[in-house]
Amino acid sequence: IMGRSVAGSQVELRRRVWEGLVLVGWGGLGVVFSDDVSALRCEMLPNYGVGLRWYINPTSVMRVDYGFGRGCKALVVGYSGMF
């Protein structure tokens with residue numbers, strides 16, 4: 001789907017498993033459109049997934065997410081912060 005604008009919403013639930021280790025689950029909906037009129041006619045696109053966050057220190061987090069959308073899935077590994 002190609003468009004100039006995007007709108008979306010997501011709900012995320014986090015649960016501490018141990019010290020800095022957090023389990024995450026989320027679900028959401030989004031839509032991509034090119035103008036206000038087409039936004040009303042667009043189909044909502046769902047997404048959901050699970051993830052794991054490891055808070056190394058107050059400014060650093062390592063994350064692994066596995067998400068699903070309509071007809072696709074993805075594994076995302078990321079790091080933000082300072083060592």
Side-chain angles (χ1 to χ4, degrees):
I1 297 175
M2 299 287 290
R4 295 182 305 187
S5 302
V6 64
S9 181
Q10 182 171 307
V11 175
E12 185 173 293
L13 177 64
R14 297 179 183 193
R15 177 74 176 164
R16 183 183 301 203
V17 179
W18 178 75
E19 304 251 339
L21 203 59
V22 177
L23 188 60
V24 179
W26 75 86
L29 289 171
V31 63
V32 177
F33 54 95
S34 42
D35 57 39
D36 293 336
V37 175
S38 65
L40 300 173
R41 292 182 274 126
C42 285
E43 184 177 349
M44 294 298 252
L45 303 171
N47 70 80
Y48 58 94
V50 295
L52 195 60
R53 309 284 189 272
W54 177 31
Y55 291 89
I56 300 164
N57 61 46
T59 61
S60 302
V61 63
M62 185 77 166
R63 66 186 292 161
V64 178
D65 292 334
Y66 195 67
F68 302 89
R70 188 178 68 190
C72 64
K73 55 189 169 193
L75 176 68
V76 177
V77 178
Y79 172 81
S80 64
M82 300 179 350
F83 282 106

Exercise. Given the rule that I, L, V, M, F, W and Y join up when any side-chain heavy atoms are under 4.5 Å apart, are Ile56 and Val22 in one cluster?
Worked result: no
For this session: Decide whether Tyr79 and Leu21 are clustered together by the hydrophobic rule: side chain heavy atoms of Ile, Leu, Val, Met, Phe, Trp, Tyr closer than 4.5 Å, transitively.
Result: yes
Problem set entry | ILVMFWY cluster, Val24 and Val77 together (side-chain gap under 4.5 Å) | no
Exercise. Is it true that Val76 and Leu45 fall in one hydrophobic cluster, defined by side-chain heavy atoms closer than 4.5 Å?
Worked result: no
For this session: Hey, could you give me each pair passing side-chain hydrogen bond (donor to acceptor under 3.5 Å, both in side chains) that has a residue in residues 15-30? Not counting sequence neighbours.
Result: Trp26-Asn47
Exercise. Is it true that Trp54 and Leu75 fall in one hydrophobic cluster, defined by side-chain heavy atoms closer than 4.5 Å?
Worked result: yes
Problem set entry | Non-hydrogen side-chain atoms of Val61 and Ser80 separated by less than 4.5 Å | yes
Exercise. What is the distance from atom CG of Leu52 to atom CG of Leu23, rounded to the nearest 0.5 Å?
Worked result: 6.5 Å
